[in-house]
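The structure appears right after this line, and notes come after that.
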Amino acid sequence: MGWYEQKKDRAPVPPEKAIWAVCPKCKSHFGKKAWKDAGGICPKCNYHSRISARERIAITADEGTFEEICAGVGYSDHLKFHDASGAYKDKVEAAKAKTGEGESVTVGRCKIGGHAAMLGVMDFAFMGGSLGTGTGERIARACEEAVAKRLPLVIFSASGGARMHEGILSLMQMAKTSAAIAALKKAGLPFISVLTDPTTGGVSASYAMLGDINISEPRALVGFAGRRVIESTIRQKLPDDFQSAEYTEKHGFIDRIVERGEMKAFIARMLDFWGF
Amino acid sequence: MKVASKRKTSGAKADAAGKKTPTAWEKVALARDAKRPHVRDFIAAMCDGFEELHGDRLAADDPAMVAGFGRIGQHRVLVIGHNKGANVEENVASNFGMANPDGYRKAMRLAKLAERFGCQVVTFVDTPGAYPGREAEERGQAEAIAKSLEFFAGLETPVTVVITGEGGSGGALAIAVGDNVLMMENAVYSVISPEGCAGILWRDGSKAPEAAEALKITAHDLEKLGAIDGIIPEPAGGAQKNPAAACRAVKKAVLASLDALAKTPREELVKRRYAKLRAYGNFF
């Protein structure tokens, strides 16, 4: 059994030493260079992998036009939340250090293909893109700023849902952001929501699904409840493409699936058509 | 953790009434007690001439959501509530109060009628959460909840919310956006179930009592956080010990809310509701 035990004990290969890149969706292996050249888009299944808020802003806003607002709005540890693995405060500070962002969404004014707009971009690397009080406040301020300046609103979502470390007030951000979106629409301004991989739980069940148009990227996970929760509730295996952007489009809740390289031009065309 | 000191302050009032304050986890058990009054009990005890109405006009009628018109005191109201049953048969029929998208769409459709005909809305919140099912996802559970939040934020008629048992996450919130959010003393209201939170953050579902404590889900804790507007006292030992008295207390609180909201000018209502929603967790 020596060969067996040895294999079990072997430490996993750290990402920087790995020769292969593995598509998280279809598990196909590629040379690291091939994966990088493809821009994190799987050459085999066309999965659009997760990117940081700053990478998204760079490919969405016209160069040099993004002006961040309310960067000082951050998390709140009003519950002094602790769990088995430590304090919320430490985890969120680590997320800030890792991503360089102050919250799971970054918002600001910019131009998209020449059209002035308010842009919000979520970063899944910041605590799973969870919706905390700071996130909700930034989204609400983006809506209010958009109304004040008569700007259309574009939000790229990427989130596992509400941030439970902030308790009930994280749930209340769903109501707060939805009310702010409603006020924006009432002011006659459009909201384009882009649901990127993954957009689930409290974020899909609030502003992300409230777009005047809802767009997604190929193979993004879009849904409310988690697959495992559903499978254990209904005691059935779900289809492989369940809650994919394509599946959600087929059921009528996504307007269009747009490739990453086409996204900016598509948003600009819609804004142009609507007269913004 | 600072739980003990908090308990002292929140327990003081209860002690004056000769009651011992249960822990958060004990309240979860009380909130889920099958003998607690549910939406149909509240309707029977509070409403005159209740007329139930069905269907979302799109796909289905959701038995997990009850809705209909009736009178409470002198007020004409639309009552909406999660339909939890008192036994297994009732719960199987009503899906344990876990609504599908059709339930939230039924609520919105009828609330629109209430607005048109000048009726106030009263909701009874009691659900483990929105139903996590295949068809629920396919018919847009996320969209239905999102729409509901947006819809109730802008509804031009007063909304009184009573959290009567389990306020389970987004499925509860979808009918809990209102002008006056009341909570029964032993009800709980949370972003995630204590079991779910323990499973994720403690990696051990059996740590649910700790998670319940940490999440701050009791009425007294939520009042301090500004998430609710008032607490409705329950009979000694909990509503399940004396459902009739519990229903009377709820009726009294709801009537006071309906009276107060009837006097609010309509144009003020939505503005005030927005300001209230906007202030949730505004620490900045």
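Every chain is numbered from 1, with letters handed out A, B, ... down the list of sequences.
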Roughly how far apart are [X] [atom1] and [Y] [atom2], rounded to 0.5 Å?
X	Y	atom1	atom2	result
E143(B)	T248(A)	CD	OG1	12.0 Å
E213(B)	H82(A)	CD	NE2	14.0 Å
W202(B)	S85(A)	CH2	OG	8.5 Å
E166(A)	L225(B)	CD	CG	11.0 Å
L149(B)	L210(A)	CG	CG	7.5 Å
E137(B)	F224(A)	CD	CZ	7.5 Å

Can you tell which part of [X] gets under 4.5 Å to a heavy atom of chain B, answering side chain, backbone, both or neither?
X	value
E231(A)	neither
R235(A)	neither
L169(A)	side chain
Y207(A)	neither
Y88(A)	neither

Check: salt bridge (charged side-chain N to carboxylate O under 4.0 Å, His left out) between E137(A) and R278(B): does it pass, once the steps are laid out?
Finding: CA-CA 8 Å; E137(A) 182 65 20; R278(B) 191 63 187 79; 2.9 Å; yes
Note to self: Are there over 12 heavy-atom neighbours, none belonging to R203(B), within less than 6.0 Å of that residue's CZ?
What the structure shows: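 Count not over threshold, so no.
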Next item on the list: Flag yes if more than 12 heavy atoms outside R57(B) fall under 6.0 Å of its CZ atom; otherwise flag no.
Entry: no
Contact leader toward chain B among [options], where contacts are heavy-atom pairs under 4.5 Å:
options	result
K186(A), Q236(A), K250(A), M174(A)	M174(A)
A205(A), A84(A), A225(A)	A205(A)
A183(A), G72(A), G74(A)	G74(A)
P239(A), S232(A), G201(A)	P239(A)
M164(A), M209(A), R227(A)	M164(A)

Next item on the list: Quick one: do L171(A) and Y189(B) satisfy side-chain contact (heavy atoms from CB on, under 4.5 Å)? Show the steps, please.
Entry: CA-CA 10 Å; L171(A) 185 72; Y189(B) 190 12; 3.8 Å; yes
Engaged part of [X] at the chain A interface, taking heavy atoms whose separation is under 4.5 Å:
X	result
R139(B)	backbone
Y131(B)	side chain
S169(B)	both

Notebook entry, point to check: Which of parallel (below 30°), tilted (30 to 60°) and perpendicular (above 60°) describes F283(B) and H78(A)?
Noted result: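 Answer is parallel, since the angle falls under 30°.
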Margin query: By the side-chain hydrogen bond (donor to acceptor under 3.5 Å, both in side chains) test, which pairs, at least two apart or in different chains, include something from residues 149-164 of chain B?
Written below: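 Listed once each, the pairs are K185(A)-E150(B), T160(B)-S257(B).
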Note to self: R134(B) vs L238(A), test: side-chain contact (heavy atoms from CB on, under 4.5 Å). Steps then yes/no.
What the structure shows: CA-CA 8 Å; R134(B) 177 177 173 164; L238(A) 293 160; 3.9 Å; yes
In terms of heavy-atom pairs under 4.5 Å with chain A, which of [options] leads?
options	result
G281(B), G196(B), A153(B)	G281(B)
L201(B), L215(B), D204(B)	L201(B)
I200(B), V191(B), L277(B), L222(B)	V191(B)

Checklist line | Heavy-atom pair of closest approach, residues I234(A) and G133(B) | finding: CG2-CA, 4.2 Å
